[in-house]
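Notes to accompany the following structure.
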Number of protein chains: 2
Amino acid sequence: MDTRERLIQSTRELLWERGYVGMSPKAIQERSGAGQGSMYHHFRGKPDLALAAIDRSAGEMRDRAETAFTGSGTVIERVAAYLRRERDALKGCPVGRLTQDPDVMADPGLSAPIERTFAWLTDRLAGLLAQGREDGELDASLDPATTATALVAVLQGGYVLARAAGSAEVYAQAVEGALGLLAGHVRQP
Amino acid sequence: MDTRERLIQSTRELLWERGYVGMSPKAIQERSGAGQGSMYHHFRGKPDLALAAIDRSAGEMRDRAETAFTGSGTVIERVAAYLRRERDALKGCPVGRLTQDPDVMADPGLSAPIERTFAWLTDRLAGLLAQGREDGELDASLDPATTATALVAVLQGGYVLARAAGSAEVYAQAVEGALGLLAGHVRQP
DNA sequence: GTCTATAGCTCGATAGAC
DNA sequence: GTCTATCGAGCTATAGAC
């Protein structure tokens, strides 16, 4: 891995662990093994480096979701697979956590990829639910858009509750609760 | 409002807006109008002041929830009233947002009130759902504990999505999606 | 109780040698 | 490309006068 790549990876880790306000250029340098001059040669500064890191994390999050959504099985099975996918619940969502960072949200360049990622995710999931409704797999009364938003919110809130409790199990409970609620809208074949 | 109280209120605001790592004693002093010496006379330092602020915010959050839970109406009505209660969605949850703060979670004294608050909230809501099930208002298939966790997660995640989208409306959509899912488990009278 | 002064450190960035 | 030196500002806290 070259220096530029190591800088991006270290920044991704630090943004995940400490957020933007809690992350210093010095910490990035120490973790990546790059020197001061090296960092400022490859990137204009902290915001520039953070943007590269955020773009990378957002792209990865999107790719993983798409993999689950395009998997095999019924709509409900694919949604369940996405929700139950293995996650490091105690670390939180590397993208979602940045919405709590004042300096990230104050910078339109940094907040835009976050906004796009969640807009895409919610829309994609809503499309999947709409398809399940058309196929007769899901109740006609189920609203795809609000339901999709609620499901994504369960994941993001699950991280919050897991961290609050200091237990990844709480995340799993939130997911099972959501799937239990969803089960009431699945039509029996 | 005396100086000590102004310090606590200013700290609550800053923790809400910027989190613990993003909040400096200097900012607290400027917002509260208290001087350096004054702040360190009333509190031992930043962690001590933050603890007082967190305790206050957690207590308020608990009181508001309890008010909704003990209101009039069926269980579903009270749960809906709690979920739909007016909130400043774009500001996020003053307690939940602290779970993303590395320095808060690294300090057991600061994280304990957060853990207690969410444990209480989830348990209280689970008890309400259990009662609704006993009363025949809710489906017997609904698990109170996981459902309660999912509902609290929808709120916490709703804040995340609202901030990501820059729109309080997204929070409302998450709530309506959750209530729509819950509706499938309400027994018709 | 509140003030000012000061400490020692880190922040985010720039400069210029190699 | 990477290094070291340096900058001005802000950080969290302590000291001691009033």
Side-chain angles (χ1 to χ4, degrees), chain A residues 1-56 97-98 100-111, chain B residues 1-56 97-98 100-111:
Chain A
M1 203 162 34
D2 65 3
T3 302
R4 188 188 153 83
E5 189 61 23
R6 283 206 319 276
L7 281 164
I8 293 176
Q9 295 303 336
S10 298
T11 303
R12 287 182 62 189
E13 292 172 17
L14 284 164
L15 279 177
W16 201 356
E17 295 167 17
R18 303 196 42 85
Y20 186 86
V21 284
M23 171 188 75
S24 70
K26 193 185 175 185
I28 298 170
Q29 292 153 29
E30 281 169 0
R31 186 169 299 210
S32 65
Q36 184 89 326
S38 202
M39 187 191 119
Y40 282 100
H41 168 76
H42 290 288
F43 296 95
R44 278 194 303 272
K46 184 178 167 178
D48 189 32
L49 189 38
L51 179 57
I54 293 173
D55 274 340
R56 196 69 71 84
R97 77 148 293 156
L98 299 174
Q100 304 299 324
D101 208 301
D103 292 1
V104 168
M105 299 315 282
D107 183 336
L110 295 181
S111 62
Chain B
M1 201 159 39
D2 64 5
T3 302
R4 187 188 155 85
E5 188 62 24
R6 284 206 318 278
L7 281 163
I8 293 176
Q9 294 304 336
S10 297
T11 302
R12 288 182 61 189
E13 291 172 18
L14 283 164
L15 280 177
W16 200 356
E17 294 167 17
R18 303 197 41 85
Y20 187 85
V21 284
M23 171 189 75
S24 71
K26 193 184 175 185
I28 298 171
Q29 292 154 29
E30 281 169 358
R31 186 168 300 210
S32 65
Q36 184 89 326
S38 201
M39 187 191 118
Y40 283 99
H41 169 75
H42 290 288
F43 297 94
R44 279 195 302 271
K46 185 178 166 179
D48 189 33
L49 190 37
L51 179 57
I54 292 172
D55 274 339
R56 196 69 72 84
R97 78 147 291 157
L98 298 175
Q100 305 299 324
D101 209 301
D103 291 1
V104 168
M105 299 315 281
D107 183 337
L110 295 180
S111 62

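Just so we're clear, the structure is a prediction, and the values are computed from it rather than from any experiment. Chain letters run A, B, ... following the sequence lines, proteins first and then strands; every chain starts at 1.
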> Quick one: B/Glu5 CD to C/dG1 C1', roughly how many Å, whole number?
Replying inline: 17 Å

>> What is the distance, to the nearest angstrom, from the CE atom on A/Met23 to the P atom on C/dA13?
In response: 10 Å

>> Starting the side chain at C-beta, find the nucleotide from C/dC11, D/dA13, C/dT2 nearest to B/Pro47.
In response: D/dA13

> In terms of side-chain heavy atoms, does A/Gln9 have a donor or acceptor partner in A/Glu13 at a distance below 3.5 Å?
Replying inline: no

>> By nearest heavy atom, map B/Gly35 and A/Lys46 onto DNA chain C; which one lands nearer the 5' end?
In response: B/Gly35

> Do any side-chain nitrogens or oxygens of A/Ser38 fall under 4.0 Å of OP1 or OP2 in D/dG1?
Replying inline: no

> Is A/Arg18 paired with B/Asp103 through a side-chain N to carboxylate O contact shorter than 4.0 Å?
Replying inline: yes

> Between C/dT10 atom P and A/Arg18 atom CZ, what is the distance in whole Å?
Replying inline: 14 Å

> What is the distance from CG of B/Asp103 to P of D/dC11, rounded to the nearest Å?
Replying inline: 15 Å

>> With rounding to the nearest 0.5 angstrom, report the OG to CG distance, B/Ser111 to B/Asp101.
In response: 11.5 Å

> Hey, is the side chain of B/Thr3 poking within less than 4.0 Å of OP1 or OP2 on C/dG1, counting only N and O atoms?
Replying inline: no

>> Between B/Arg97 and B/Glu17, does any side-chain N to carboxylate O distance fall below 4.0 Å?
In response: no

>> Tell me whether the side-chain N/O atoms of B/His42 come closer than 4.0 Å to OP1 or OP2 in C/dT2.
In response: yes

>> Can you measure B/Arg44 atom CZ to D/dA13 atom C1' for me and round it to whole angstrom units?
In response: 14 Å

> Over how many whole Å does the gap from B/Tyr40 atom OH to D/dG16 atom C1' extend?
Replying inline: 16 Å

>> Can you tell me which nucleotide in D/dA13, C/dT14, C/dC11 comes closest to the side chain of A/Gln36?
In response: C/dT14

> B/Leu7 CG to C/dT2 C1': how many Å, rounded?
Replying inline: 12 Å

> How do B/His41 and A/Ala27 order along DNA chain C: which one's closest nucleotide is nearer the 5' end?
Replying inline: B/His41

>> Mind checking if B/Met39 touches a base, just sugar-phosphate, or nothing, with heavy atoms under 4.0 Å?
In response: nothing

> For the pair made of CG in B/Leu14 and P in D/dT12, what is the distance, rounded to whole Å?
Replying inline: 11 Å

>> Once rounded to the nearest 0.5 Å, what's the spacing between atom CZ of B/Phe43 and atom CD1 of B/Ile8?
In response: 4.0 Å

>> Base, sugar-phosphate or nothing for B/Gly37? Non-hydrogen atoms, less than 4.0 Å.
In response: base

